[in-house]
Amino acid sequence: MPEDVSINVSIKERIDIDTRDFPPLHAPNYKGNKKLAIVGLASTTRDAAPFDDPEYDIWSMHMGPFLLKRVDVSFEFHNPDDFKKPQYADKAYYEKITKMEIPIFMRKHYDDIPTSIPYPIETIVQEFGRYFTNSVAYMLALAFRNNYDEVLLYGVEMEHGTEYVDQARSVIYFIGLLMGKGVKVGVPPICQLFKNRYLYGLETDQQDEDIQKIEARRAELQGQLRQVSGQVDAMSQQKYMLQGAIAETETINRRILQMDPH
């Protein structure tokens, strides 16, 4: 390997992490389940999680404990001081987490958030590297570390065209590690996380043909829009002319009424 190239831990080493006899990094009151559901906040699939199945641990983040039917462990990696600022969108969020009754993994323990526990960031980064771009990636790494046999994801879309598209890469990366370890990983059928319409290279012609059809349709619609816009402009001009004529008749009418025939 060239001197200017390095990797933190090889894929093989990461897949074999559970054989290193490390103790699991569980939150308090861990039930000993081997199945986990990570539930994000996307409304498309979050409510389909197995909340009523006691064999599943339910993990969520941020507002999850206040929106979902059941959450066993929450995750919040932002600085809680930010939630106290006047410009923060949900000004009640800080007060909510200070009264949280379930464990919440955070940067460290905060006395004003009694159930907060430190996320083992140093251990996780040492074992997995620094490829963490969102909360779900941290959760998946901990799931890997805690030797779950099954991990399901709900409410985690990160679909193309949103601000989360770049963040999805680390999520897919850790899902790959879990699958390489033999963990059963599942997402709802409508989830966009693993959607790919065309096979690269093998279906390029079909992709190009579909794109051309879409572009042709867009050009057609843009032409119709220009035509309608021109009609709107012409009608607007006619509208102003009619309004002016009406105003003129009102002026004449007032003059007639003001004239004294005697």
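What you see below is based on every heavy atom in this structure, not just the backbone, and it leaves out hydrogens, waters and symmetry mates. The first residue in the sequence is number 1, and the count goes up from there. Computed from a prediction, not measured in an experiment: that's the story for all the values here.
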By salt bridge (Lys or Arg N to Asp or Glu O under 4.0 Å) - contacts of Asp81 (at least two apart): Lys84
Partners passing salt bridge (Lys or Arg N to Asp or Glu O under 4.0 Å) against Glu101 (at least two apart in sequence or in another chain): none
Cation-aromatic face contact Lys181/Phe144, 6.0 Å, 45 degrees: yes
Test side chain to side chain contact (heavy atoms under 4.5 Å, CB included) applied to Leu140 and Val156, Ile172, Val151, the passing residue: Val151
Leu68 CG to Leu41 CG distance, which is reported to the nearest 0.5 Å: 7.0 Å
Worked verdict on Glu150 versus Lys34 for salt bridge (charged side-chain N to carboxylate O under 4.0 Å, His left out): CA-CA 7 Å; Glu150 179 178 317; Lys34 301 301 290 181; over 6 Å; no
Any donor-acceptor pair under 3.5 Å from Thr115 side chain to Ile102 backbone: yes
Any residue meeting salt bridge (Lys or Arg N to Asp or Glu O under 4.0 Å) with Arg46, in chain and number order, not counting sequence neighbours: none
Contacts of Lys96 that satisfy salt bridge (Lys or Arg N to Asp or Glu O under 4.0 Å) - sequence neighbours left out: Asp90
Any side-chain heavy-atom pair of Val73 and Phe75 under 4.5 Å: yes
Note, Ile124 side chain near Tyr119 side chain (heavy atom, < 4.5 Å): yes
Aromatic ring proximity Phe77/Tyr138, centre distance under 6.0 Å: yes
Min side-chain heavy-atom separation Val39-Ile58 under 4.5 Å: yes
Residues Trp59, Tyr148; criterion ring pair (Phe, Tyr, Trp, His ring centres under 6.0 Å); working and verdict: CA-CA 13 Å; Trp59 291 359; Tyr148 281 99; 5.7 Å; yes
Side-chain touch Tyr30/Asp57, heavy atoms, less than 4.5 angstrom: yes
Counterpart residues, ring pair (Phe, Tyr, Trp, His ring centres under 6.0 Å), relative to Tyr110 (two or more places apart): none
Contacts of type side-chain hydrogen bond (donor to acceptor under 3.5 Å, both in side chains), residue Thr133, not counting sequence neighbours: Ser170
Thr45 (side chain) donor-acceptor with Gly155 (main chain) under 3.5 angstrom: yes
Side-chain heavy atoms of Pro80 within contact of Met106, under 4.5 Å: yes
Non-hydrogen atoms of Ala143 and Leu178 that approach each other most closely: C-CD2, 4.5 Å
Distance-only polar pair, side chains of Tyr93 and Glu76, donor-acceptor under 3.5 Å: yes
Ionic contact status for Lys35 with Asp53, cut-off 4.0 Å: no
Test ring pair (Phe, Tyr, Trp, His ring centres under 6.0 Å) applied to His109 - qualifying residues, sequence neighbours left out: none
Cationic N near anionic O, under 4.0 Å, Lys184 to Asp149: no
By ring pair (Phe, Tyr, Trp, His ring centres under 6.0 Å) - contacts of Tyr131 (at least two apart): Tyr173
Side chains of Met100 and Pro65 in contact at under 4.5 Å (non-hydrogen atoms): yes
Determine all donor-acceptor pairs shorter than 3.5 Å in which one atom belongs to a side chain in residues 231-239; sequence neighbours excluded.
{"residue": "Ser236", "atom": "OG", "partner": "Val232", "partner atom": "O", "Å": "2.8"}

Side-chain heavy-atom pair Ile175, Leu153 within 4.5 angstrom cut-off: yes
Mind listing the side-chain donor-acceptor pairs of residues 218-225 below 3.5 Å, one per line with the distance, residues two or more places apart or on another chain?
{"residue": "Arg218", "atom": "NH1", "partner": "Glu215", "partner atom": "OE2", "Å": "3.4"}
{"residue": "Glu220", "atom": "OE1", "partner": "Arg217", "partner atom": "NH1", "Å": "3.3"}
{"residue": "Glu220", "atom": "OE2", "partner": "Arg217", "partner atom": "NH1", "Å": "3.3"}

Full working for salt bridge (charged side-chain N to carboxylate O under 4.0 Å, His left out) between Lys69 and Asp47: CA-CA 8 Å; Lys69 186 174 182 179; Asp47 293 329; over 6 Å; no
side-chain contact (heavy atoms from CB on, under 4.5 Å) involving Thr98 - partner list, sequence neighbours excluded: Tyr94, Glu95, Ile113
Phe51: ring pair (Phe, Tyr, Trp, His ring centres under 6.0 Å) partners, not counting sequence neighbours: none
Student check: side-chain heavy atoms of Pro120 and Phe105 closer than 4.5 Å: yes
